[in-house]
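The first residue of the sequence shown is numbered 1, and numbering continues consecutively from there. Heavy atoms only: backbone and side chains are in, while hydrogens, waters and symmetry mates are out.
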Amino acid sequence: MNRLNLHLVSDSTGETLEMIAKAALAQFDNPSVNRHFWPMVRSLQHMDRIVPDLAAHPGLVLYTLVNPETRKRLEEHCRHLGLPAVPVLDQVTAALESQLGQEAHGRPGRQHMMDENYFRRVEAIQYTIAHDDGLAHEEWEQADIVLVGVSRSSKTPTSIYLANRGFKVANIPLVVESPPPATLYRLRHPLVVGLTTSPERLIQIRRNRLLSLNEATETAYVDNDRVKAELQFARRMFGDNGWPVIDVTRRSIEETAAAIIRLVQERDRKPASEGGTGKPI
């Protein structure tokens, strides 16, 4: 298999471009790719400086450039070098212009502006970090989402991912010998979601955790019967309180978070008389 040189050229951080490339490459089996990343390309001089690398490592060029001059210069270089160049957002932007009846502003990095949404995400991240692993139960009512589950059921990474999407998240470990505070059962504003997994998967994750800490791997923490009892205890609690449950056994963090966000949206669409908020999505 030939190794592909993939050049990613952006006039901003390049985060969007990297995500698009990653999503597209995921559709192929073990693609052999050399990534060449060129962020913050906002001048003709900067554009000209990357040409030697394009010539030395010919391949596919993907770009998100809104400035007409830098776009034109990149396209000219690519034509001269015989390289395919793809403006990955052009079709989406054109479709939005058509449907919205207005022209795009063409401002690089506009999605990273420090607007209200940006500060909401920062606040969500700060809240989530401060309420990890059952901390500060007196403030759980301020959360948008509360995740509940036994140890190593992906609560913390899922919480951090959701916080980056702007949700304040508290997560609470379930321990048979130490039930959570009564505060948990009186929550009204947050959506409480139970996370569960298969015993086999949970034991594997816990063993790996113990190995990384150089601790003994034959303890009650990874005992098959004990782990099954923990999961049964958690499921009874979820059922008794009517909390939605997500099995994370075969889900990535992103998939789990997407399922939780969908639950939040479904609740928001319900009228208040049915336990929802009545807020439009």
Side-chain angles (χ1 to χ4, degrees), residues 15 19 118-181 183-185 187 189-215 217 219-223 226-235 237-238 241 243-265 267:
E15 179 182 350
M19 291 176 63
Y118 174 85
F119 289 109
R120 187 174 69 245
R121 287 197 303 274
V122 171
E123 183 181 359
I125 292 169
Q126 292 174 334
Y127 177 93
T128 300
I129 292 172
H131 296 81
D132 183 42
D133 205 31
L135 294 175
H137 66 87
E138 66 278 1
E139 297 174 352
W140 289 349
E141 186 63 35
Q142 300 171 22
D144 300 307
I145 300 166
V146 172
L147 302 182
V148 185
V150 301
S151 174
R152 315 314 295 179
S153 55
S154 303
K155 298 184 301 298
T156 295
T158 304
S159 297
I160 296 299
Y161 185 91
L162 287 165
N164 275 284
R165 297 289 300 272
F167 295 94
K168 294 181 179 179
V169 186
N171 76 77
I172 304 163
L174 293 183
V175 181
V176 177
E177 299 82 3
S178 179
T183 308
L184 174 62
Y185 311 107
L187 296 176
H189 173 257
L191 175 68
V192 182
V193 179
L195 301 184
T196 190
T197 186
S198 70
E200 297 78 15
R201 178 60 174 160
L202 186 57
I203 290 171
Q204 180 187 13
I205 292 173
R206 288 183 174 184
R207 283 190 187 279
N208 291 338
R209 175 62 173 167
L210 292 173
L211 284 171
S212 71
L213 297 173
N214 293 318
E215 296 185 7
T217 56
T219 68
Y221 188 58
V222 292
D223 178 75
R226 173 63 181 269
V227 169
K228 287 182 177 178
E230 283 186 64
L231 291 170
Q232 289 170 357
F233 168 76
R235 278 200 169 274
M237 182 180 291
F238 302 156
N241 290 278
W243 298 331
V245 180
I246 295 177
D247 189 330
V248 303
T249 304
R250 294 180 177 83
R251 293 179 190 260
S252 66
I253 298 302
E254 294 85 353
E255 290 170 330
T256 299
I260 293 169
I261 292 172
R262 186 167 61 249
L263 289 171
V264 172
Q265 292 174 336
R267 185 189 67 163

Just wondering, do Leu195 and Thr256 contact through their side chains at under 4.5 Å, heavy atoms? yes
Taking all non-hydrogen atoms of both residues, which atom of Asp247 and which atom of Thr197 are closest, and how far apart? OD1-CA, 3.6 Å
Angle between ring planes, Trp140 versus His137, binned at 30° and 60°: parallel, tilted or perpendicular? perpendicular
Decide yes or no on side-chain hydrogen bond (donor to acceptor under 3.5 Å, both in side chains) for Gln204 and Arg201, but give the supporting numbers first. CA-CA 5 Å; Gln204 180 187 13; Arg201 178 60 174 160; 3.1 Å; yes
Do His189 and Gln142 have a side chain donor and acceptor closer than 3.5 Å? no
Salt bridge (Lys or Arg N to Asp or Glu O under 4.0 Å) evaluation trace for Lys228 with Glu200: CA-CA 9 Å; Lys228 287 182 177 178; Glu200 297 78 15; 5.5 Å; no
Tell me, do Leu263 and Ile246 make a side-chain contact under 4.5 Å, heavy atoms counted? yes
Which heavy-atom pair separates Ser154 from Thr158 by the least distance, and what is that distance? O-OG1, 2.6 Å
Closest non-hydrogen contact found for Met237 with Pro180 is CE-CD, 4.0 Å
For residues Ala257 and Tyr161, report the shortest heavy-atom separation together with the two atoms involved. CB-CD2, 3.3 Å
Closest non-hydrogen atom pair between Ile260 and Leu191, with its separation: O-CD2, 4.4 Å
With under 30° as parallel and over 60° as perpendicular, where do the rings of Trp243 and Tyr185 fit, or are they tilted in between? parallel
What are the two closest heavy atoms between Thr128 and Ala163, and how far apart are they? OG1-CB, 3.4 Å
Cut-off 3.5 Å, no hydrogens considered: what does the side-chain donor-acceptor table look like for residues 164-176, sequence neighbours left out?
{"from": "Asn164", "atom 1": "ND2", "to": "Ile160", "atom 2": "O", "distance (Å)": "3.0"}
{"from": "Lys168", "atom 1": "NZ", "to": "Glu123", "atom 2": "OE2", "distance (Å)": "3.0"}
{"from": "Asn171", "atom 1": "OD1", "to": "Asp133", "atom 2": "N", "distance (Å)": "3.1"}
{"from": "Asn171", "atom 1": "ND2", "to": "Asp132", "atom 2": "OD1", "distance (Å)": "2.6"}

Taking only Lys NZ, Arg NE, NH1 and NH2, and the carboxylate oxygens of Asp or Glu, determine whether Glu215 and Arg207 approach each other closer than 4.0 Å. no
Can you name the residues that form a salt bridge (charged side-chain N to carboxylate O under 4.0 Å, His left out) with Arg152, not counting sequence neighbours? none
